[in-house]
Amino acid sequence: MKILCVAEKPSIAKEVSRILSGGNFRTRNSKNKYIKNYDFKFNFPRKGSCDVTMTSVVGHLTGVDFPPAYKWGNCIAGKLFDAEIVEKVMKQDVFDNIVNEARNSGQLMIWTDCDREGEYIGYEIFKAASKGNNRLAIENIWRSRFSHLERSHIIQAAANPVTLDLKAINAVSCRIELDLRVGASFTRLLTDALKNKSVIDAKDVASYGTCQFPTLGFVVDRYKRVKSFTPEKFWHIQVELAKDGVKTNFNWTKGHFFDRLYVMNLYQECLKHKDGKIIKLEQKRRSNYRPLPLTTVELQKDCSMFFKMSAKAALEAAEKLYNRGFLSYPRTETDTFPATFDFKGTIERQTSDSRWGEYASRLLTNGIENARSGNKNDEAHPPIHPVNYVNINTLTSADEKKVYEYVVRRFLACCSKDAIGQQTSATLLWGDETFTSSGLMVTEKNYLEIYTYKKWESSKQLPKFIQGEVLPITGGIIKEGKTTAPNYMTETELIALMDANGIGTDATIAEHIDKIINRGYVVKEKKKGEIIVPSPLGMGLIEGFDGMDFDNISLSKPFLRKRLETSLQQIVDGTTTKDEVLAELKGLYKQAFSVSNRNINQLVNYCKTVISENS
DNA sequence: GCAAGGTC
């Protein structure tokens with residue numbers, strides 16, 4: 001019996017082949033330069049000794065589009081909500097390889113990632129394989145379930161296949177259809193209308209996407225909050241006292257008030273007392289936690305914050321390092337290491353480095369701390385970690401140097417002890433009011449020694465107060481402050497917002513940000529750090545849509561996309577169906593489209609006004 | 001010329 005195994009990407013095909021064959025496999029090339037076919041023997045408990053060919057695709061095999069009758073210009077944009085959709089092969093050479101290899105195979109086994117998209121890619125592989133071999137039936141397809149590449153886990157997965165999950169496949173096909181219909185119809189509507197009035201160049205496209213616009217919406221929303229902010233004054237009491245020649249400031253436990261007179265009255269009462277009394281002294285042990293295992297989103301947030309690197313550049317650098325075997329797979333949502341993870345071996349490979357090698361050695365001698373466990377798991381990939389050692393001086397790209405060093409330091413930090421400090425705090429009673437002051441002493445830096453990006457330092461120490469002691473107040477004043485505007489959006493914050501609202505995935509968040517930059521909807525600006533602000537066009541589009549009278553929905557906010565995500569999960573869980581979700585969400589977007597279509601001139605004129613006001 | 005999702 002011959003069994004054809006197909007993974008989602010070349011690296012998995014190679015590694016699984018190596019494990020199942022015990023290293024004894026033959027490699028054949030395919031027409032695609034990334035894809036190899038591996039032949040070996042393996043004993044499947046259900047079939048006995050089999051000839052296996054293991055190969056892979058490179059992500060999705062097929063894409064969707066409208067038939068020629070619905071080409072841009074051939075029909076009105078609104079028609080696209082109910083137009084026929086055709087599937088097209090995007091990578092013919094990859095597709096052909098599956099067709100060929102399936103011809104004389106008695107069994108197909110899918111080894112794609114254990115997530116929703118992986119299930120759908122499995123279905124695409126099945127369809128390609130059936131082209132070459134019509135004896136393959138979907139209900140007989142083996143689907144392996146594996147979440148990492150540890151040997152015994154892979155052997156287990158090979159022995160215990162399940163069937164393809166049609167519910168997950170339907171969920172993805174629902175997403176694909178909705179994104180295409182909504183994206184294409186709104187993009188054509190916007191582009192044609194804006195071009196018609198010369199708001200955008202003839203060569204430009206004004207795209208709408210279910211992820212692009214909520215992303216743009218976040219940026220516009222923040223920008224408007226900054227611009228419309230009016231500071232408000234507030235008042236509070238601050239006290240200073242001196243002991244042993246050391247002056248210490250105490251802060252009011254009541255915080256601050258916006259009513260000056262009220263604060264004034266309390267202050268007047270305080271002033272009747274010359275002395276204050278230390279009524280409480282406390283010593284607390286403080287921990288500063290080592291970081292969680294690294295996900296893609298965290299990597300991008302940190303690289304943006306620490307190195308001013310765009311999310312896209314960070315992911316690209318990590319991908320290059322992965323392709324040369326230096327880092328593990330860089331697209332992961334998992335922040336927990338598998339129980340079998342080889343921490344010792346991974347740390348040992350870093351001991352020769354001149355920057356962090358000594359620390360790595362010390363960890364090995366003094367004991368590796370168990371990494372913390374987060375609560376995210378994509379069931380497909382482990383957290384990002386260094387695989388093989390590379391001296392960063394030999395890397396040519398500055399981004400790659402930074403990303404590799406960061407991943408190593410982050411990993412070593414994960415295996416280190418938390419930082420420990422002692423916090424001393426004192427409470428002072430002055431008249432009827434209480435005030436506090438505290439000092440921090442970092443006693444053990446631990447992970448902070450290696451994770452140099454983060455600062456947690458000792459503050460000024462408190463003098464040795466004594467419980468109950470009465471000390472003269474050397475300064476008690478009313479201080480005026482004012483509320484400050486929120487800051488402009490940083491890329492780090494934008495990534496966090498998208499992640500929290502389910503806009504995009506670990507693999508696509510960076511692309512969405514990049515896209516709205518390339519469309520000219522937002523720009524990056526240097527202003528004490530890098531910020532992202534909307535362009536007049538981006539402002540105009542969001543405010544234009546927000547000004548329309550939709551029925552309880554918004555085209556610029558993340559709610560609809562989030563609702564889709566929730567519905568997709570319900571399809572997977574079996575509590576609803578693809579048809580129901582499509583009917584509901586397509587209906588909502590279709591309504592919004594017809595309102596937009598009616599008011600498109602208003603939107604265009606509005607964009608025009610905003611642009612001319614800002615030029 | 002349109003989307004978002006995989007991956008190289």
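Not measured: the values here are computed from a predicted model. A, B, ... follow the sequence lines: proteins, then strands. Residue 1 opens every chain.
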Nearest to the side chain of A:Val64, which nucleotide is it out of B:dT7, B:dA3, B:dG5? B:dA3
Please check: side-chain N/O of A:Glu491 versus main-chain N/O of A:Ala311, any donor-acceptor pairing under 3.5 Å? yes
Are A:His153 and A:His148, when compared by the centres of their aromatic rings, separated by less than 6.0 Å? yes
Take the protein atom CG of A:Leu190 and the nucleotide atom C1' of B:dG1, then report the distance between them rounded to whole Å. 14 Å
Ignoring backbone atoms, test whether A:Lys320 places a side-chain nitrogen or oxygen under 4.0 Å from the OP1 or OP2 oxygen of B:dC8. no
Taking only side-chain nitrogens and oxygens of A:Arg519, does any of them come within less than 4.0 Å of OP1 or OP2 of B:dG1? no
Just to confirm, is there a sub-4.0 Å distance from OP1 or OP2 of B:dT7 to any side-chain nitrogen or oxygen of A:Arg331? yes
Residue A:Thr508, side-chain heavy atoms: nucleotide from B:dC8, B:dG1, B:dG5 that is nearest: B:dG5
With a cut-off of less than 4.0 Å, is there a side-chain N or O of A:Tyr70 near OP1 or OP2 of B:dC2? no
If you check every side-chain atom of A:Thr187, which of B:dC2, B:dC8, B:dG5 has the closest atom? B:dC2
Would you classify A:Arg561 as touching base, sugar-phosphate or nothing, given that sugar-phosphate means primed atoms plus P, OP1 and OP2, and contacts are heavy atoms under 4.0 Å? sugar-phosphate
Should A:Trp72 be counted as stacked on B:dG1, where stacking needs a ring-centre gap under 5.5 Å and an angle between planes under 30 degrees? yes
Would you call the rings of A:Phe307 and A:Tyr406 parallel, tilted or perpendicular if under 30° counts as parallel and over 60° as perpendicular? perpendicular
Assign A:Gly183 to base, sugar-phosphate, or nothing according to its heavy-atom contacts below 4.0 angstrom with the strands shown. sugar-phosphate
Compare side-chain N and O positions of A:His512 against OP1 and OP2 of B:dG5 and report whether any pair is under 4.0 Å apart. yes
Where at least one partner belongs to residues 585-595 of chain A, residue pairs that pass salt bridge (Lys or Arg N to Asp or Glu O under 4.0 Å), sequence neighbours excluded: A:Asp82-A:Lys586, A:Asp82-A:Lys590
Presence of A:Ser207 side-chain N/O under 4.0 Å of B:dA3 phosphate oxygens OP1/OP2: yes
